[in-house]
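All chains are named by letter (A, B, ...) in the order of the sequence lines, taking the proteins before the strands, and each is independently numbered beginning at 1.
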Amino acid sequence: MGLSNSIIRQNYIIPADDFSLAGEASSSVKKMLNQLGVPPKTVKRVSIAMYEAEINAVIHAGGGTADVAIDKEKVLITINDEGPGIPDVELAMKEGFSTAPDSVREMGFGAGMGLPNIKRYADKLDIKTEVGKGTRVQITVLL
Amino acid sequence: MNEYFHSVTLDEEKCKGCTNCIKRCPTEAIRVRKGKARIIAERCIDCGECIRVCPYRAKKAITDPLEIIKNYKYKVAIPAPTIYGQFRAARSTNHLLTAFKLLGFDHVYEVAKAAEIVSNATRELMKKNNFRKPLISSACPAVVRLIQVRFPSLIDNILKLESPMELAARIVKDELVKNENMRIEDIGVFFITPCAAKVTSIKAPYESEKSCVDGAISIKDIYLKLLNALGEVKEEAEEQLVKSGFEGIRWASSGGESLALGTDNFLAVDGIHNVISILEELENDKLKDVDFIETLACQGGCLGGALTVENLYVAKTRIKKFIDMAKKNSVEDNSANIYEYDLLWTRNVEHKPIMQLDDDFEVAMQKLETLRTISEDLPGLDCGACGAPNCKALAEDIVRGNANETDCVFKLREKVRALTIQMMEIESMMPPVLDKDDKNSDKTDKKDKY
């Protein structure tokens with residue numbers, strides 16, 4: 001049927017400052033992966049990594065977009081935002097580092113686990129960021 | 001008993017084929033076909049939500065009738081802790097337990113007592129600190145089955161210890177065989193159940209080959225008999241049957257199991273839809289700071305079970321009396337240490353992938369693509385008239401080959417409309433030999449010329 005290079009694509013808008021909607025995109029991806037019969041442990045890795053990236057975009061960048069592409073080999077998630085950018089990516093990758101405001105931390109978010117957690121669950125993590133312009137986080141999880 | 005035995009079943013005659021149950025089912029396990037609700041066996045977790053919401057009482061739980069106890073020489077009742085909240089007329093635990101004897105039971109052993117032993121074992125397990133945090137309680141079999149079908153990544157978090165019901169049955173049988181020299185096949189142990197999920201656990205257990213319990217009788221089926229018996233048992237005739245303490249009795253309510261663990265670092269959630277929200281948070285790694293999660297499918301915990309009689313909130317007040325009594329008269333009891341049972345499950349629960357569209361990844365991809373196209377095309381009103389709980393579920397059913405697009409009344413109307421327009425168009429066309437209308441157009445003129 002010539003399906004070997006078929007790709008499923010899905011785009012989401014990550015709303016700004018709305019915690020009640022944050023996580024909807026990763027939930028929807030989780031459902032698709034379950035429908036495809038991806039092993040539970042892999043589904044969990046994808047959904048946690050994507051969830052963290054989504055929350056990051058909500059907390060730090062006033063929302064953004066998430067583009068998901070699934071093919072036979074991998075899930076590729078690209079989260080784009082036009083937020084403040086990350087001045088020091090290396091520092092942001094450290095466990096416990098956080099620039100989230102107190103109000104956000106009180107809700108249990110922004111404990112500085114975001115990027116390291118994404119890295120832990122992703123097979124590949126690529127961050128392109130420019131201060132004042134925005135950030136692109138690209139997560140790859142192999143299937 | 002086969003793998004897909006379910007206690008929850010349909011009363012064909014009473015079912016009107018409405019949308020109440022299909023919309024509330026947490027695993028989207030019900031479809032209406034030919035005017036009747038059909039339960040999809042692989043998806044049903046026996047939570048009993050449909051029994052609760054059916055306005056026509058068409059959903060029921062298969063339980064055993066009281067007469068079943070006659071099949072055994074020696075009959076033992078093991079009532080769920082929920083029983084203590086059911087009767088205003090019960091003076092004390094002993095009063096209530098003695099009443100069971102008037103129903104034909106030879107012996108009564110409280111599941112609440114076994115619950116305390118399970119609590120001890122859980123505490124020990126948590127002390128060792130080599131478990132996957134947080135532990136998810138396995139007290140509610142509907143939740144364990146929910147995890148199997150919807151949250152497979154959490155299977156490793158399940159507390160894999162025998163349930164108080166199973167342990168109670170084991171203890172009773174062992175004691176009778178050892179102390180009374182009875183033959184095990186002569187002993188019949190019957191769980192007095194507040195819910196359908198436990199019945200399924202007895203008939204088709206997931207944690208072992210075979211249950212130690214010989215039958216399940218619902219609280220509502222013996223309620224009246226027990227109520228009458230309570231009236232007959234005089235205070236001086238009460239037997240000393242109570243063994244449980246307040247911690248065991250408290251298991252009947254949401255939070256009871258957790259409170260017995262001696263840690264504040266727990267979360268107790270009840271009501272199947274609330275349980276789903278918490279399990280979703282857990283899947284997103286959001287509750288790593290919690291040690292223990294108590295998850296009960298029924299609102300309020302087992303006191304809110306679909307096979308109970310007393311209103312949940314009334315029952316909560318009633319059971320308080322028994323908890324207080326147990327606190328006051330706490331029997332010095334070391335039996336928890338006497339029983340050296342290995343409570344670990346003898347087999348693990350497996351993932352039951354109900355969501356998967358196809359075994360072949362590429363075919364599944366194609367089906368998913370089709371599903372999304374169909375989904376976008378459906379009205380999104382989730383009316384349920386097609387027999388599926390919502391438009392997405394219908395799209396899934398279509399892709400799986402279990403439904404048609406025209407099952408959607410709106411789609412059907414569109415089709416009828418398109419067909420009508422087409423028919424009107426065809427109707428206005430006339431074969432030339434029959435077209436005798438003079439007033440008609442230049443076509444006629446042309447023909448006249450020939």
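- Between atom NZ of residue B:Lys288 and atom CG of residue A:Asn117 there is a gap of 4.5 Å, rounded to the nearest 0.5 Å.
- Across every non-hydrogen atom of B:Asp156 and A:Lys41, the tightest pair is OD2-NZ, 3.6 Å.
- Neither the backbone nor the side chain of B:Ile354 comes within contact range of chain A; no heavy atoms are under 4.5 Å apart.
- At a threshold of 4.0 Å, the pair A:Lys44-B:Glu283 does not count as salt-bridged, since none of the basic side-chain nitrogens sits closer than that to a carboxylate oxygen.
- For a residue to count as touching a neighbouring chain, one of its non-hydrogen atoms must lie under 4.5 Å from one of that chain's; by this rule A:Arg9 touches chain B with the backbone only.
- The number of heavy-atom neighbours closer than 6.0 Å to CD of B:Glu405, taken from other residues, nucleotides and ligands shown, is above 12.
- Of the two parts of A:Lys31, the backbone and the side chain both hold a non-hydrogen atom closer than 4.5 Å to a non-hydrogen atom of chain B.
- Heavy atoms only, all atoms of each residue included: B:Glu369 and A:Ile7 are closest at OE1-O, 3.9 Å.
- When the shell of 6.0 Å around CD of A:Gln138 is examined, it contains more than 12 heavy atoms from other residues, nucleotides or ligands.
- Within 6.0 Å of atom NZ in B:Lys23, more than 12 heavy atoms from other residues, nucleotides or ligands are found, so the atom counts as buried in its surroundings.
- The shortest distance between side-chain heavy atoms of A:Met32 and B:Leu371 does not fall below 4.5 Å.
- Neither the backbone nor the side chain of B:Asp289 has a heavy atom closer than 4.5 Å to any heavy atom of chain A.
- For the atom pair CG of A:Leu36 and CD of B:Gln366, the computed distance is 12.0 Å after rounding to the nearest 0.5 Å.
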>> Using side-chain contact (heavy atoms from CB on, under 4.5 Å), reason through B:Lys367 and A:Gln35 one step at a time and then give a plain yes or no.
In response: CA-CA 9 Å; B:Lys367 285 187 177 172; A:Gln35 286 172 324; over 6 Å; no
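- A:Leu33 does not touch chain B: none of its heavy atoms, backbone or side chain, sits under 4.5 Å away.
- For A:Val38, the part lying near chain B is the side chain, with the backbone staying farther off; criterion is any non-hydrogen pair under 4.5 Å.
- There is no contact between B:Pro353 and chain A, counting heavy-atom distances below 4.5 Å.
- We find the CE-NZ distance between B:Met355 and A:Lys30 to be 9.0 Å, quoted to the nearest 0.5 Å.
- Within 6.0 Å of atom CG in A:Leu142, more than 12 heavy atoms from other residues, nucleotides or ligands are found, so the atom counts as buried in its surroundings.
- For the atom pair CE (B:Met365) and CG (A:Asp71), the distance works out to 6.0 Å, reported to the nearest 0.5 Å.
- Contact of the A:Tyr51 side chain with the B:Asp285 side chain is not registered, since no non-hydrogen atoms from C-beta on lie closer than 4.5 Å.
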